[in-house]
Amino acid sequence: MPRISIGDVSLQVVIQGEGEPLLLVHGFPLDHSLWKHQIAHFSRSRRVIAPDLRGFGQSDVTPGTVRMEQFADDLACLLTVLGIERPVCLCGLSMGGYIAFAFAQRHRERLRSLVLCDTRAAADAPEARKNRWETAERVLREGPGFLAESMVERLLAPATRRHQPELVAEVQAVIRAAPREGVAAASRGMAERPSVDELLPRIDLPTLVVVGEQDAISPPEEMRELAGKIPAAQFVPLADAGHLAPLEQPAAMNAALDRFLQEQDLEWRT
Ligand code: MLT
C-alpha cells in the first residue's frame, strides 16, 4: 500500500486496477478497509483509489480542526500527484459523503459522477455540535476505545450484529486503532460543516444515493429526500444493512454500484 506525499502530509493509499478511476472515501472514524469488498470487486475493471484520510488509518495526522474542505482538497491533490486527469467517480460514505459535497463545490471539473452512501446534507443541530466537541475532548483524553463500544450499535444493523460477530470485531478494531488527534480533528471539522441543502438542486452529475434500510445515523427517509433534490439522482435502499452498507451487504452494494457505473460507461462512449 503506497504512501503518497500531498504537501504537508503523506497519505496511505490503496491504488489497484486499471481503467476508469473510482475514488472511495471512508467515513468516521474508519479507514480504507471500509471498502475492502469494493476494492476487490471493482479493481478487476477500474482504477480504484482508496486512501486513509488525513488523521485516519496509517496516514499522517494534523491536530486541531480538519474541515471537510481540507479533506476535499487533499483528495484533489492526491489525484494530481497520481497523475489522474480523467474525471473520477467519487463514492463517499457518511463523513466521506460530507467530503464529496465539499469536493463537488471546490473541484467540480474533476468529477464524472457521485455516489453518496449513508450520508446527510443537513448541518448538525446545536446539541449534536456540542457532542462533537465533547467527543473530541474525550478522545484526546482517553483514546477512541469508548467510540468502538458506543458507535457499533448505530453503525451496524441488528442482523449484522447478531450474525456477523467477526465484522463487529473488525469494525471495533479499526476504531480502536484510529489516531486520537485525527479523530478529534475530524470530529471538530464535522461540527463546523455547513448545510449543503442549497447545493443539492445544483448538482449536475449522475448521482447514486445508497442507504442501508436500517441506517440509524442517516435514516433512509432523509436520504430519499436528499436524492429527490438532486436532479439526476437514483435512490437505492439496501435491505439488512445499517450505516456501513458496503461492509454489511457487499454483494448488493457492488451490484448497485456496478449498474450505475456501467450506465456511465455507456453514456461516456455514446
Ligand atoms: C460517519 O460514519 O462518517 C459518521 O457517522 C458521520 C457522522 O458522525 O455524522
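The analysis underlying the following values was restricted to heavy atoms, covering all of them including side chains, and did not include hydrogens, waters or symmetry mates. Atoms within each ligand, like the ligands themselves, are counted from 1 in listed order.
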Pair Glu192-Arg67, salt bridge (Lys or Arg N to Asp or Glu O under 4.0 Å): steps then yes or no
CA-CA 7 Å; Glu192 293 194 10; Arg67 293 185 176 77; 2.7 Å; yes

Enumerate the protein residues lying less than 4.0 Å from ligand 1, judged by heavy-atom distances, in chain and residue-number order.
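Contacts of ligand 1 under 4.0 Å: Gly27, Phe28, Ser94, Met95, Tyr98, Arg132, Met190, Ile217, His243.
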
Tell me the side-chain hydrogen bond (donor to acceptor under 3.5 Å, both in side chains) pairs involving residues 150-168, sequence neighbours left out?
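Counting only pairs at least two positions apart or across chains, the side-chain hydrogen bond (donor to acceptor under 3.5 Å, both in side chains) contacts touching residues 150-168 are Thr160-Glu248.
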
Keeping Thr135 on the side-chain end and Asn131 on the backbone end, is there a donor-acceptor pair under 3.5 Å?
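Present.
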
Distance-only, no hydrogens or angles: does the Asp118 side chain make a donor-acceptor pair with backbone N or O of Leu93 under 3.5 Å?
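Checked: no pair found.
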
Going by atom type alone, with no hydrogens or angles, which donor-acceptor pairs under 3.5 Å involve a side-chain atom of residues 11-19 and a protein atom two or more places apart or on another chain?
from  : atom 1 : to    : atom 2 : distance (Å)
Gln12 : OE1    : Arg3  : NH1    : 2.6
Gln12 : NE2    : Met1  : O      : 3.1
Gln16 : NE2    : Ser43 : OG     : 3.3

Quick one: list whatever passes salt bridge (Lys or Arg N to Asp or Glu O under 4.0 Å) with Arg180, sequence neighbours left out.
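None.
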
